[in-house]
Amino acid sequence: MNSKAKARNNYGRAYNFCAGPSTLPLEVLEKIQEELFNWRNGASILETSHRDPVFYEYTESIEARLRRLMEIPENYHVLFLSGGATNQFAMVPLNLLGEKKRAGYVNSGIWSKKAINEASKFCDVAVVANSEPSNYDHLPAQDDWQIPDDIAYLHYTTNETINGVEFNWIPELPASVPLVADMSSNILSRPIDVSRFGVIYAGAQKNIGPAGVTLVIVRDDLINLSPNKIPGMMKYNNQVENQSRYNTPPIFNWYVVGLVLEWLEKLGGPAVVEKQNIEKSKLLYDYIDQSNFYHNRVVKSCRSRMNVPFNLANESLESKFLSISREHKLTNLDGHRSVGGMRASIYNAMPIDGVNALIACMEVFKEQSNVVS
Ligand SMILES: *Cc1c(COP(=O)(O)O)cnc(C)c1O
């Protein structure tokens, strides 16, 4: 097959429903291929120095684009770090505690819990709300939260990637308590008001690029609260002063994030992609809800637009379903190893055709199973 024919055939690619690393826009992959041998400086991006003035110019344009897309106010810094969202689980308490000894956390799913476990090494964690007793099938309404007045910040996870629950509201806090959000799996999937937050962080590999780079948006008054106690790499202030180059950053991954943001801006940005995300997730949830063959256990008002976990009424058929779906070129539909079942991750870059293909496969499988049983 020549390259044009391969492209027409979508390069033989499957629809990839992986929760992360996840599917990237095809245009982005094509651009990477096209530019790989000589980026803008006579060298491949893989061979480019983080000190190259051309790369500085490029990273400034990435930041400017992100600031446009998210309407980030001037008093916030934008960082591209390594270590994943998991490293932020430690960096947030290390940087934000200052003289305080306590932080508030919402326990709304498995990722929240991991953030809590890490923070517990550095401070006393006050769990202000907890949906673990009902197996994370809903989000606790804010009226029921118990917020102590001595906390350094309040942390929550805007979208629980494993459990499939998503906040469609922002918690209200006294102005003295910075709100910290792990937005790894729904950043840029909808417009949000950045000014309501102290820190926003997100590993890139769900919605904005490949694994290896982590976006951090931090308000200026929070970058230097704990002056001496932190490893250099983990100090927001050091990373701000060095424009995210305190050590050699993951240049290639950062570059790809730039391409994804360019793709998103061309598409129309978060407001436009939000409409698509509503449409895609509604198609899938509506299909699941009208069927008595498949089900989703999350309270409707708390369901995630990004990650749709589901089970078969007859759980013994699940592994069969997964193998049939792979035959239909629908991959990585397995639920997280800690919860089992199935999960379809349908981030910004998943086309609606992918969701329709999944629903068609689910329908075929249901019909076949009903004939047999
Ligand atoms: C994937 C994920 C993480 C962990 O991200 P890493 O980049 O692997 O450290 C943390 N929080 C949420 C909500 C996630 O979806």
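For the single chain, residues carry numbers from 1 onward in sequence order. All ligand and atom numbering here is 1-based and tracks the order in the structure.
- By the criterion of a heavy-atom distance under 4.0 Å, the side chain of F89, and not its backbone, is placed next to ligand 1.
- Of the listed residues (T59, V216, L66), just one forms a side-chain contact (heavy atoms from CB on, under 4.5 Å) with V78, and that residue is L66.
- In terms of heavy atoms, L284 sits closest to A344 at CD2-CB, 3.9 Å.
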_Residues T158, E166; criterion side-chain contact (heavy atoms from CB on, under 4.5 Å); working and verdict_ = CA-CA 6 Å; T158 53; E166 182 173 10; 5.9 Å; no
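- I187 and L215 get closest at one heavy-atom pair: CD1-CD2, 3.7 Å.
- At distances below 3.5 Å, at least one donor-acceptor pair connects side-chain atoms of S185 with backbone N or O atoms of N159.
- Counting the atoms of ligand 1 from 1 in the order shown, those under 4.0 Å from a heavy atom of G84 are 7 (O), 9 (O).
- Taking atom 15 (O) of ligand 1 as the reference point, the nearest protein heavy-atom neighbour is T161 OG1, 2.4 Å.
- At least one heavy atom of N159 sits less than 4.0 Å from an atom of ligand 1.
- Taking each of N307, N207, D182 in turn, the one with a heavy atom nearest to atom 12 (C) of ligand 1 proves to be D182.
- For ligand 1, the atoms sitting less than 4.0 Å from at least one non-hydrogen atom of T157 are 13 (C), numbered in the order shown with element in parentheses.
- Shortest contact from atom 9 (O) of ligand 1 to any protein heavy atom: T86 OG1, 2.5 Å.
- When only non-hydrogen protein atoms are considered, atom 2 (C) of ligand 1 lies nearest to K206 NZ, 2.5 Å.
- Annotation: atom 5 (O) of ligand 1 to nearest protein heavy atom, A85 CB, 3.5 Å.
- Judged by the 6.0 Å and 45° rule, K114 forms a cation-pi pair with W111.
- Given atom 8 (O) of ligand 1, the protein heavy atom at minimum distance is Q205 NE2, 3.3 Å.
- Taking the charged nitrogens against the carboxylate oxygens, D124 and K100 have no contact shorter than 4.0 Å, which rules out a salt bridge.
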